Structure formats: C-alpha cells, structure tokens
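Being a predicted model, the structure only gives us computed values, none of them experimental. Residues: numbered from 1 along the sequence shown. Scope of the values below: all heavy atoms of this structure, side chains included, with no hydrogens, waters or symmetry mates.
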Amino acid sequence: MAALYDFDTVIDRRGTWCVQWDGVADRFGVDGLLPFTISDMDFATAPEVLAALRARLDHGVFGYTTWQQDDFRSAVAHWYATRYGTEVDTGQLVYGPSVLNQLSQLLQMWTAEGDGVVVHTPTYDGFRKAITGLGRELRGVPVGDEEALVRELARPDAKVLVLCSPHNPTGRVWTAAELTRMAELAERYGVAVVSDEIHADFVHEGHVHVPWTRVAGEGRWALISSGSKAFNFPALTGSYGLIGDPADRAGYLRRMETAEGLASPAVLSLTAHIAAYREGGPWLDAVRAYVAGNLGHVAERLSADLPELGWEPPQAGYLAWIDLRAAGVDDAELQRVLVERERVAIMGGAVYGAPGFVRLNVGCPRGKVERGVEALIRAVKAVTSSPSGV
C-alpha cells in the first residue's frame with residue numbers, strides 16, 4: 001500500500017525568497033550551494049493545514065483579527081492534552097509574531113541593561129542575538145553541568161534562565177527530574193524562566209517532552225512555542241505563550257497592543273495552528289518517522305567512514321549535531337572544502353559557540369540527506385589527510 005504522505009519527492013524552493021536556498025550566499029558568500037542550514041524543512045506542510053488555508057483564502061476578507069477566541073485557545077489545549085497529557089490553562093495564553101519576539105518582550109519586562117541571562121551552551125544563535133542585542137549579559141553553562149548552572153543562577157544580577165526545551169542545537173530532551181531541579185533552583189535564586197519549546201513536537205521515540213507548566217513553581221515563568229517548526233510554516237509567522245503570573249501576563253499583552261502595535265495577529269497563522277493542532281497529528285507522526293530514518297542514515301554512514309566520531313542521532317529534532325573534534329578537523333579549512341569543492345552549505349559549530357562541530361539539517365528528502373552526508377565525509381577526510389584539503 002502506498003504511503004499516505006510523500007516526503008521523497010523534491011519540491012523546488014529556489015526563487016521563492018527562501019532563506020535556506022535563495023539566501024545561502026548571505027552566510028556562505030557563494031550562490032548555488034546545496035543547503036543544510038537554517039532550521040526549516042523542505043517538505044510541504046500537512047495537507048490538513050493546506051486545506052484549511054485554502055478555505056480561509058477563499059473567504060477573501062483579511063481584516064483585523066483576534067487570537068482571543070475559543071477556536072484557537074481550545075486547539076492549543078487539545079494539542080497539549082493529546083500530545084503531552086498536560087492540561088493547559090487557556091487563561092494563561094498570550095500571542096506573538098515569533099518565539100524570539102516573545103523572548104525579547106519578556107527580557108525587556110524582567111531584566112535591565114547589564115543583567116545576566118543564563119543559557120545552556122552550545123547556544124542557539126537567535127538567543128545570543130536577542131540577549132546581547134538588548135544589552136544584557138549572556139551567561140553560558142554547558143548542557144548537563146549542574147554545578148555551573150547553580151553558580152550562574154546564584155549570581156545576584158542573574159535575572160532570567162532562557163531554557164531551550166528540547167535543546168537546540170544538541171537535540172537534548174530534558175528529563176522531568178532535570179526540569180524539576182531547574183525550577184527549584186530558579187525559584188531559590190529568584191530567577192525567572194523562559195522555556196522555548198518550539199522543538200517539542202519533534203521528540204523522537206524513546207524520549208518524552210515535559211512542558212514547563214508541569215514543573216513550574218511559584219516564581220516567574222513563561223512557556224513560548226509555535227506550531228511553525230513541527231508543521232513547517234514559519235513564513236506565516238505566529239507563536240503563542242503561557243505566562244504564569246496574571247500581572248506579568250497583563251503587562252505582556254499591554255506591551256504587544258500598545259508599545260509594539262501588534263494587537264492583530266496574522267489570520268493565516270491562526271488558521272494553520274488550529275488545523276495543525278486539531279487534525280495534523282498523523283502527518284506529524286509520519287514526518288517525524290521519516291526524519292528519524294534520515295538521522296539513522298547519517299549515523300550509519302558516519303559509523304562506516306568516520307567511526308572515531310561515535311555519533312548517535314539526537315533525541316529530538318531534524319538537526320544532526322555532529323562532534324568532529326575526534327577527527328582533528330580545522331573548522332575554517334573544513335568550511336572551505338565544503339563550499340569550494342563539495343558545493344554544500346553546512347552550519348559550522350562556531351555559530352553556536354562550539355568550534356569543532358557542525359549542524360546538518362536533515363529535514364528534507366532522503367536523496368538530499370545522502371548527498372549532504374557524503375559531502376561531509378569526503379570533506380572531513382580531505383582536510384584530515386592534507387592540511388590544505390587538496
């Protein structure tokens with residue numbers, strides 16, 4: 001029987017104003033590279049989402065819109081109940097144009113210039129830009145290093161812990177015990193928590209995502225997320241959050257409606273979220289299984305040709321975070337060979353504060369993954385066998 005969804009057919013994204021494909025020269029300096037970069041997928045979104053968008057387009061009127069209606073709120077509640085066994089208080093819901101915009105608003109509410117903001121390292125570059133761009137001090141703690149986490153949270157000017165759950169770029173899924181411990185520490189030291197859970201819907205088999213609402217204590221906290229990552233519609237914009245404290249929630253909404261002038265959300269984003277959260281579960285399960293197969297292929301090829309890496313697939317996501325340090329790779333030379341000889345664009349770990357790593361996006365048809373991993377293997381062998389990669 002034919003598969004219900006087709007993830008093998010290539011959809012040409014060139015010429016669609018696509019950052020990953022059309023904007024590759026902006027980061028790598030060369031056009032025409034095969035990209036494995038920014039974290040969106042090369043797949044069309046779920047058919048159920050497309051059908052809902054077409055129906056909304058057919059209506060033809062796109063006036064000012066409100067997110068504060070039951071269709072959206074109940075869809076979010078339904079998703080958390082069915083996916084995570086978690087009851088959501090829809091009275092805590094807020095809306096924003098993106099998770100990074102929400103993060104920026106919360107940092108402005110809960111910190112002042114010069115305050116410390118704690119993040120796990122390696123760090124998603126969007127966090128670094130948001131934190132340092134606001135004049136706050138980014139305080140990095142290695143993933144899994146509780147001693148460093150305690151030390152940084154205990155500093156008097158530490159005001160916010162920005163948690164990426166699951167973690168980007170490593171794909172780490174935090175356990176309930178780890179999250180509970182973070183909540184206890186944050187509350188002890190009076191540090192607010194912003195938990196970015198946009199990658200939560202892509203947790204792989206054998207691991208379980210625990211929403212922050214399940215462990216949050218009495219301190220300040222916010223969970224921010226969006227269906228755009230899992231269902232691949234970031235260009236529609238749109239995200240949502242849950243803010244625990246009523247006064248903080250009212251302050252956030254006031255900022256968005258007055259200072260930011262963002263009272264009306266993008267109606268197509270609302271439409272997409274509702275359809276995804278009500279009807280898109282089977283598609284998401286299928287695409288996640290396909291991506292798991294892609295990650296398995298990467299693991300197989302690296303095990304065969306670069307066994308010294310000991311690489312294993314991440315616990316969540318479609319981003320293969322690969323530690324090349326055991327191969328003794330020079331980052332700059334590797335990037336030169338990847339771009340000039342192999343004609344591929346793969347994100348270097350230095351972008352996330354981790355030289356010696358690469359981040360390979362495998363949210364794409366298997367044939368593209370095969371080309372990417374083979375190019376990476378050849379490039380690593382080239383730069384480790386000859387200092388100049390020739």
Side-chain angles (χ1 to χ4, degrees), residues 80-81 83-89 91-94 99 102-103 105-112 114-124 127-128 130-131 136-200 203 206-225 240-249 251-252 314-316:
Y80 277 76
R83 286 275 147 171
Y84 306 117
T86 298
E87 183 179 349
V88 166
D89 179 355
Q92 295 178 334
L93 271 173
V94 298
V99 292
Q102 288 189 84
L103 173 61
Q105 302 303 326
L106 291 163
L107 288 176
Q108 292 176 74
M109 289 170 56
W110 293 345
T111 66
D115 283 343
V117 177
V118 180
V119 299
H120 288 95
T121 57
T123 306
Y124 166 48
F127 286 175
R128 179 177 292 107
I131 293 165
R136 279 59 172 170
E137 185 175 324
L138 187 147
R139 309 262 176 83
V141 298
V143 168
D145 188 340
E146 184 176 322
E147 183 178 337
L149 181 63
V150 172
R151 183 175 63 248
E152 292 300 335
L153 293 178
R155 293 174 65 173
D157 64 345
K159 301 301 181 183
V160 173
L161 167 64
V162 177
L163 176 65
C164 199
S165 180
H167 185 259
N168 175 19
T170 67
R172 167 75 170 270
V173 176
W174 304 104
T175 66
E178 288 172 324
L179 292 169
T180 299
R181 176 63 172 159
M182 289 183 211
E184 291 171 350
L185 291 171
E187 189 169 346
R188 177 188 305 172
Y189 295 113
V191 175
V193 177
V194 180
S195 182
D196 175 354
E197 303 187 10
I198 197 170
H199 292 274
V203 169
H207 303 279
V208 177
H209 172 70
V210 178
W212 186 258
T213 55
R214 297 250 294 271
V215 301
E218 297 300 318
R220 280 179 157 172
W221 63 267
L223 182 163
I224 56 177
S225 192
Y240 59 89
L242 296 159
I243 300 178
D245 182 74
D248 285 335
R249 192 161 59 248
Y252 172 92
Q315 298 171 348

Enquirer: Donor-acceptor pair, distance only, cut-off 3.5 Å: does the side chain of Gln102 make one with the backbone of Tyr240?
Expert: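 Yes, because the side chain of Gln102 sits within donor-acceptor range (under 3.5 Å) of the backbone of Tyr240.
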Enquirer: Sequence neighbours left out, what pairs pass ring pair (Phe, Tyr, Trp, His ring centres under 6.0 Å) with at least one residue falling in residues 176-198?
Expert: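 Sorted result for residues 176-198: empty, none.
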Enquirer: For the pair Val118 and Leu149, evaluate side chain to side chain contact (heavy atoms under 4.5 Å, CB included) and give the outcome as yes or no after the intermediate values.
Expert: CA-CA 8 Å; Val118 180; Leu149 181 63; 4.1 Å; yes
Enquirer: Can you list every ring pair (Phe, Tyr, Trp, His ring centres under 6.0 Å) pair that touches residues 152-188, not counting sequence neighbours?
Expert: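 Ring pair (Phe, Tyr, Trp, His ring centres under 6.0 Å) check on residues 152-188 returns His120-Trp174.
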Enquirer: Among residues at least two apart in sequence or on other chains, which ones pass salt bridge (Lys or Arg N to Asp or Glu O under 4.0 Å) with Arg155?
Expert: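 Scan of Arg155 (salt bridge (Lys or Arg N to Asp or Glu O under 4.0 Å), adjacent residues dropped) gives Glu152.
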Enquirer: Check the surroundings of atom CD in Glu87: do more than 12 heavy atoms from other residues, nucleotides or ligands lie under 6.0 Å from it?
Expert: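 No, not enclosed.
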Enquirer: Spell out, as yes or no, whether a donor-acceptor pair under 3.5 Å connects the side chain of Glu197 to the backbone of Leu223.
Expert: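 It does not hold such a pair.
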Enquirer: Which residue pairs pass the side-chain hydrogen bond (donor to acceptor under 3.5 Å, both in side chains) test with at least one member in residues 216-225, sequence neighbours excluded?
Expert: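 side-chain hydrogen bond (donor to acceptor under 3.5 Å, both in side chains) check on residues 216-225 returns Arg220-Asp248.
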Enquirer: With sequence neighbours excluded, tell me which residues meet salt bridge (Lys or Arg N to Asp or Glu O under 4.0 Å) with Glu137.
Expert: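 Residues passing salt bridge (Lys or Arg N to Asp or Glu O under 4.0 Å) with Glu137: Arg139.
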Enquirer: Leu185 versus Val150: any side-chain heavy-atom pair under 4.5 Å?
Expert: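 When only atoms from C-beta onward are counted, Val150 and Leu185 do touch, with a gap below 4.5 Å.
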Enquirer: If only atom types and distance count, is the side chain of Arg214 paired as donor or acceptor with the main-chain N or O of Tyr84 below 3.5 Å?
Expert: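 Yes, Arg214 side chain to Tyr84 backbone: donor-acceptor pair under 3.5 Å.
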Enquirer: Over all heavy atoms of both residues, which pair between Leu153 and Ala158 is shortest? Give the atoms and the distance, please.
Expert: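 Closest approach of Leu153 to Ala158, heavy atoms only: O-CB, 3.9 Å.
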Enquirer: Taking salt bridge (Lys or Arg N to Asp or Glu O under 4.0 Å) as the definition, give me every residue that meets it alongside Arg151, ordered by chain and number, with sequence neighbours left out.
Expert: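 Partners of Arg151 by the salt bridge (Lys or Arg N to Asp or Glu O under 4.0 Å) criterion come out as none, since no residue qualifies.
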Enquirer: What are the two closest non-hydrogen atoms of Ala183 and Val215, and how far apart are they?
Expert: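 Here Ala183 and Val215 meet closest at CB-O, 3.4 Å.
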Enquirer: Do the non-hydrogen side-chain atoms of Tyr80 and Thr213 ever get within less than 4.5 Å of each other?
Expert: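 No - every pair of side-chain heavy atoms lies 4.5 Å or more apart.
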